[in-house]
Amino acid sequence: MRITDLIDKRSICLNGTPGSKKEALDAVIDLMAESGKIRDKEAYKK
């Protein structure tokens, strides 16, 4: 799977203010899951 297969305009947030790298990655993963691009957030995170 390529990163370009996962990104669409529903998985982009321009107003986010994560406090750490972990928070930023969690936010991106949540957006991808909400847009239907990934199903298993924990597996994708690993």
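Note that this is a predicted model, so its numbers are computed, not measured. These numbers come from the heavy atoms of this one structure, side chains and all, not from hydrogens, waters or symmetry mates.
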| message | Filter on side chain to side chain donor-acceptor pair (under 3.5 Å), then keep only pairs touching residues 13-24, sequence neighbours left out; what's left? | response |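 Qualifying pairs: Lys22-Asp26.
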| request: Name all residues meeting the side-chain contact (heavy atoms from CB on, under 4.5 Å) criterion together with Ala33; count only those two or more places apart in sequence or in a different chain, and write none if there are none. | output: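 So Ala33 forms a side-chain contact (heavy atoms from CB on, under 4.5 Å) with Ile38, Lys41.
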| query | Among all residues two or more places apart in sequence or in another chain, which pass the side-chain contact (heavy atoms from CB on, under 4.5 Å) test with Leu31? | reply |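 In terms of side-chain contact (heavy atoms from CB on, under 4.5 Å), with neighbours along the sequence ignored, Leu31 is linked to Ser11, Cys13, Glu34.
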| said: Counting C-beta onward and ignoring hydrogens, is there a side-chain heavy-atom pair between Met32 and Asp30 closer than 4.5 Å? | reply: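 Sidechains of Asp30 and Met32: no contact.
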| said: Testing the basics here: between Ala24 and Pro18, what is the closest heavy-atom pair and its distance to 0.1 Å? | reply: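 Closest pair (atom of Ala24, atom of Pro18, distance): N-CB, 3.6 Å.
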| In chain order, what residues pass the side chain to side chain donor-acceptor pair (under 3.5 Å) check against Lys9, with sequence neighbours excluded? |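 For Lys9 there are no side chain to side chain donor-acceptor pair (under 3.5 Å) partners, ignoring immediate neighbours.
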